[in-house]
Amino acid sequence: MMRTRPLKVALLGCGVVGSEVARIMTTHADDLTARIGAPVELAGVAVRRPSKVRAGIDPALVTTDATALVKRGDIDVVVEVIGGIEPARTLITTAFEHGASVVSANKALIAQDGAALHATAEQHGRDLYYEAAVAGAIPLIRPLRESLAGDKVNRVLGIVNGTTNFILDKMDSTGAGYQEALDEATALGYAEADPTADVEGFDAAAKAAILAGIAFHTRVRLDDVYREGMADVTAADFASAKRMGCTIKLLAICERAADGGSVTACVHPAMIPLSHPLASVREAYNAVFVEAEAAGQLMFYGPGAGGAPTASAVLGDLVAVCRNKLGEATGPGDSAYTQLPVSPMGEVVTRYHISLDVADKPGVLAQVATVFAEHGVSIDTVRQTGKDGEASLVVVTHRAPDAALSGTVEALRRLDTVRGVASIMRVEGE
């Protein structure tokens, strides 16, 4: 039987995403009612600038007092799309304490304080859903948390930031330099005026922490994720990648150790073979590659940001949470039973592509090879070109612990015959 009393929703934030959430709630009201089993009503919208005109939203619903809104007691679900740590954290906690479940798109907060928020939600018998926090419209968190709950996920590898993928794709396809590609991304609205969170990998690192925690049923915080930005990637790096049959992507990589005793989570630029599914992800799209023991290899692909795509994920969570509310139940909470440690980057086994500027004279290659051997790093391929006393030496290694590879590079810098290390980049895939 259809319930006639509406479920009341409080919306915190009415920017690009929040306004789309409100619009879809209004224009798809009948469909949402049919899917949930009860009508949903927008009961209040908390904003910072109440005088701004917001199409389709009753001005009587708009307030600047977000705390009073979540404390009302008649709110069933709070949708938080304001971002940042505070006041979002306090507002979400207050919502739980006053009887509301929460749908959030706040990747930074979930990555930093997800465990504490889940504990508070469980204490008060409420839901905390955040599909929109990672990869926009792409259904990813729910498949990991629910569809693959009976499987063992061993690896999650993905492009989870559209801005960086757009920049690297332009560098690859047009030969543009980093700054030129960034300027184009900014002009088109893909990059913020201050792109630091994107290009330095902070955004992707927060998403990697969330994905690793869910995939491996353990606690992974933002501080546990190794992070490198992409500002040092050059056109020369792309030229080298092409010679290897590769391209370059900023990747979030979450992996369970071979012995199952630990996990790793990192974000950095890497060369990947053109044959890999992620290599063909273009423009500002996102894609995540999941490797599970029984399911095998799965790939999730789609728009990873933007008002409408992100709102789609928010509304999906809203429907699920409202259904739980009607059934007097809660959905899956925090699953961290494995309590696996997060290994430091030095223990991660990977491959390197290293480009060296060296003296063009006999014996240089032997010296370089000796340094690799002394550090226990096996060389896969070597390419050398040179003239007029100067040469370029490109070495691609076999897989080895990152610490050993880093030690190798430091030792190479001390060789008199090595003029400089032009570039260093990890290589994913074989």
Side-chain angles (χ1 to χ4, degrees), residues 167-168 171-172 175-182 199-201 226-251 253 264 266-274 343-430:
I167 293 169
L168 293 174
M171 292 177 70
D172 185 27
Y178 168 76
Q179 189 61 51
E180 183 183 353
L182 173 58
V199 300
E200 292 300 328
Y226 174 84
R227 176 194 54 79
E228 282 182 23
M230 48 171 273
D232 292 333
V233 177
T234 66
D237 291 326
F238 274 100
S240 293
K242 287 180 179 179
R243 283 192 289 268
M244 292 175 57
C246 292
T247 189
I248 299 171
K249 299 292 186 182
L250 185 75
L251 298 178
I253 305 168
T264 58
C266 54
V267 170
H268 56 69
M271 295 182 180
I272 58 172
L274 293 175
S343 296
M345 188 63 188
E347 296 178 14
V348 175
V349 176
T350 187
R351 300 170 68 205
Y352 260 141
H353 172 282
I354 305 169
S355 179
L356 305 171
D357 295 326
V358 299
D360 187 15
K361 62 182 183 180
V364 172
L365 180 56
Q367 287 183 336
V368 169
T370 297
V371 170
F372 278 91
E374 288 174 347
H375 287 80
V377 179
S378 175
I379 294 175
D380 183 14
T381 62
V382 177
R383 187 180 71 253
Q384 184 173 3
T385 59
K387 62 178 180 178
D388 300 328
E390 298 295 330
S392 175
L393 190 65
V394 176
V395 179
V396 179
T397 73
H398 287 291
R399 290 171 65 84
D402 196 85
L405 292 164
S406 297
T408 302
V409 172
E410 291 306 310
L412 289 171
R413 294 182 194 274
R414 294 193 291 269
L415 290 179
D416 292 338
T417 51
V418 174
R419 311 294 194 214
V421 179
S423 68
I424 307 169
M425 189 166 295
R426 294 175 182 85
V427 181
E428 287 295 321
E430 301 300 331

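Using modelled atom types, no side-chain atom of Lys249 and backbone atom of Leu168 make a donor-acceptor pair closer than 3.5 Å.
Residues meeting the side-chain contact (heavy atoms from CB on, under 4.5 Å) test with Asp232, sequence neighbours left out: none. With sequence neighbours excluded, the residues that form a side-chain contact (heavy atoms from CB on, under 4.5 Å) with Ile379 are Ala369, Phe372, Val382, Val395. In this structure, the side-chain contact (heavy atoms from CB on, under 4.5 Å) partners of Gln367, at least two apart in sequence or on a different chain, are Leu415, Thr417. For the side chain to side chain donor-acceptor pair (under 3.5 Å) test, no residue two or more places apart in sequence or in another chain qualifies with Thr370. Partners of Asp402 by side-chain contact (heavy atoms from CB on, under 4.5 Å), not counting sequence neighbours, listed by chain and number: Met345, Thr350, Tyr352, Ser406, Arg426.
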Q. Under the side chain to side chain contact (heavy atoms under 4.5 Å, CB included) criterion, do Ser240 and Ser423 qualify, and how do the steps go?
A. CA-CA 10 Å; Ser240 293; Ser423 68; 5.8 Å; no
Q. Does the side chain to side chain contact (heavy atoms under 4.5 Å, CB included) test come out yes or no for Asp237 and Met425, once each step is laid out?
A. CA-CA 8 Å; Asp237 291 326; Met425 189 166 295; 4.1 Å; yes
(Q) Show, in sequence, the C-alpha distance, side-chain angles and deciding distance for Glu428 and Ile253, and conclude whether the side chain to side chain contact (heavy atoms under 4.5 Å, CB included) test is met. (A) CA-CA 10 Å; Glu428 287 295 321; Ile253 305 168; 3.5 Å; yes
Q: In sequence, state the C-alpha distance, the side-chain angles, and the governing distance for Arg351 and Asp380, and then conclude on side chain to side chain contact (heavy atoms under 4.5 Å, CB included).
A: CA-CA 9 Å; Arg351 300 170 68 205; Asp380 183 14; 3.1 Å; yes
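For the pair Ile248 and Phe238, the minimum side-chain heavy-atom distance is below 4.5 Å. Between Glu228 and Leu250 there is no side-chain heavy-atom pair separated by less than 4.5 Å.
Atoms CE and OG1, on Met171 and Thr247 in that order, are 10.0 Å from each other to the nearest 0.5 Å. For the atom pair SG of Cys246 and CE of Met271, the computed distance is 7.0 Å after rounding to the nearest 0.5 Å. Atom-to-atom distance recorded for Cys266:SG and Arg227:CZ is 12.5 Å, nearest 0.5 angstrom. Within the model, atoms NE2 of His375 and OG1 of Thr397 stand 13.5 Å from one another, a figure rounded to the nearest 0.5 Å.
Applying the salt bridge (charged side-chain N to carboxylate O under 4.0 Å, His left out) rule to pairs touching residues 405-416 yields Glu410-Arg413, sequence neighbours excluded.
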